[in-house]
Amino acid sequence: MPKEYRTIQEVAGPLMLVHGVENVAYDELGEIELASGEIRRCKVLEINGSDALVQLFESSTGINLSNSKVRFLGKSMELGVSEDMLGRVFDGLGHPIDGGPDILPDARMDINGVPMNPAARSYPEEFIQTGVSAIDGLNTLVRGQKLPIFSASGLPHANLAAQIARQAKVRGTDEQFAVVFAAIGITFEESNFFINSFKETGAIDRTVLFVNLANDPAVERIATPRMALTAAEYLAFEKGMHVLVILTDITNYADALREVSAARKEVPGRRGYPGYMYTDLATLYERAGRQRGKSGSITMIPILTMPEDDKTHPIPDLTGYITEGQIILSRELYRKGITPPIDVLPSLSRLKDKGIGEGKTRADHSNTMNQLFAAYSRGKDAKELMTILGESALSEIDLIYARFADAFEQEYISQGYQTNRDIEETLKIGWKLLSILPRSELKRIDDKYLDMYYGKE
């Protein structure tokens, strides 16, 4: 039986100070029993000698210092894991909220995980098909990669996240594929959108959902992505599944980190975020990857809204350092009605070269990808010139490039949120668009591929 303490000294907002504790460790869970018998949960944030500073998961209303008791449970936060989690919806602390029964766990795992030994990692190289041309064709996602989506407030990143979760698969294998979806600090309306979207398409059967709402406590928000990653590690490394983890919205997570840091009166870093935010984000992102000798893998797509559309804000800035590229959503394309509004030129998947080519996608993929980038870039430049100088100032070839840029946005990038294109269809559309340009302009494509595909679509 854990020792009980009646030595609560003060309660300040979500924090509480307990005196005279023994053998209590950082991050340990505790229970507060009120005079009425009600139990509330807390976790240890700081130990100073025999003083423990704890953070409450629920509100501190009604806690009476003299007749409330605190027990420390001798363990940090754990998640009971089992394959039965697939198809279920949990809150940010791993309790079912879909009306179904509790999970009978095969194991209980610490949600902070164990860092993966860098020497045990194998290099990401298998192609994952998301069904979204702008990603599959130009910024390819590879199994074991961390590829964030940088969005901005008001842009439809939720639709894109749900689309990728529904459509993503590893091609050419019958290996099990699962999605772990963690929604962090979202509204009730968004939560309903995700749950209904997965149920309507049947994707819920292979999905584990963790939902933390905006009115849930900040400390629960910090636990939510760790719960999701713990479930993913179990499915990937114990059950051999390929798991895609989607975390939305990392900005809400970082704001919760800042809130807890401010409550502890820590010295703030950039824009008030704690100085250890880089390390903290790395403890999440670095849990993705592939392990030698294990068939499963964790691929991660963190989604974040850039405050004031600013790429240099600490959250996207630090995320960009830790992850392998970024997919950027554009307000300008969104205004044009392009869905999803992925801006392919500043977007980048650093591992795309590893996941494409003969035997993975198709031999001509790399050549066509480079040519599409180059042609779209030149087409956008031509359109800017046209805006400044008028159409008559452009050469004939520049006009063709401008026409190509428009067609590329309308046909290649814009596909809606319900269309699932396989890589062959994406490449086919790419060739159809490249056939707008004279063959002599396609200098980045090998002649043998031009003979096979140019002008044939």
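Below, each value reflects all heavy atoms present in this structure, side chains not excepted, and no hydrogens, waters or symmetry copies.
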* Asked: Can you name the residues that form a side-chain hydrogen bond (donor to acceptor under 3.5 Å, both in side chains) with Tyr376, not counting sequence neighbours?
  -> Glu409
* Asked: Who pairs with Phe210 by ring-ring contact (aromatic ring centres under 6.0 Å, His included), at least two apart in sequence or on another chain?
  -> Phe90
* Name all residues meeting the ring-ring contact (aromatic ring centres under 6.0 Å, His included) criterion together with Phe194; count only those two or more places apart in sequence or in a different chain, and write none if there are none. => Phe181
* Could you tell me which residues satisfy side-chain contact (heavy atoms from CB on, under 4.5 Å) with Ser414, sequence neighbours excluded, listed by chain and number? => Ile338, Thr339
* Not counting sequence neighbours, which residues clear side-chain hydrogen bond (donor to acceptor under 3.5 Å, both in side chains) with Glu411? List them please. => Lys432
* Report the residues that fulfil side-chain contact (heavy atoms from CB on, under 4.5 Å) with Val89, sequence neighbours left out, ordered by chain and then residue number. => Ile97, Asp98, Ile195, Ile204, Leu209, Val211
* To do: State which residues pass side-chain hydrogen bond (donor to acceptor under 3.5 Å, both in side chains) with Arg221; sequence neighbours excluded, sorted by chain then number.
  => Asn212
* Sequence-distant partners of Tyr417, ring-ring contact (aromatic ring centres under 6.0 Å, His included), two or more places apart -> none
* Report the residues that fulfil salt bridge (charged side-chain N to carboxylate O under 4.0 Å, His left out) with Glu259, sequence neighbours left out, ordered by chain and then residue number. => none
* Please list, chain by chain and in numerical order, all residues satisfying salt bridge (charged side-chain N to carboxylate O under 4.0 Å, His left out) with Asp205, sequence neighbours excluded. => none
* Structure fact -> Sorted by chain and residue number, the side-chain hydrogen bond (donor to acceptor under 3.5 Å, both in side chains) partners of Asn159 (sequence neighbours excluded) come out as none
* **Residues forming a salt bridge (charged side-chain N to carboxylate O under 4.0 Å, His left out) with Arg258, sequence neighbours excluded** => Asp255
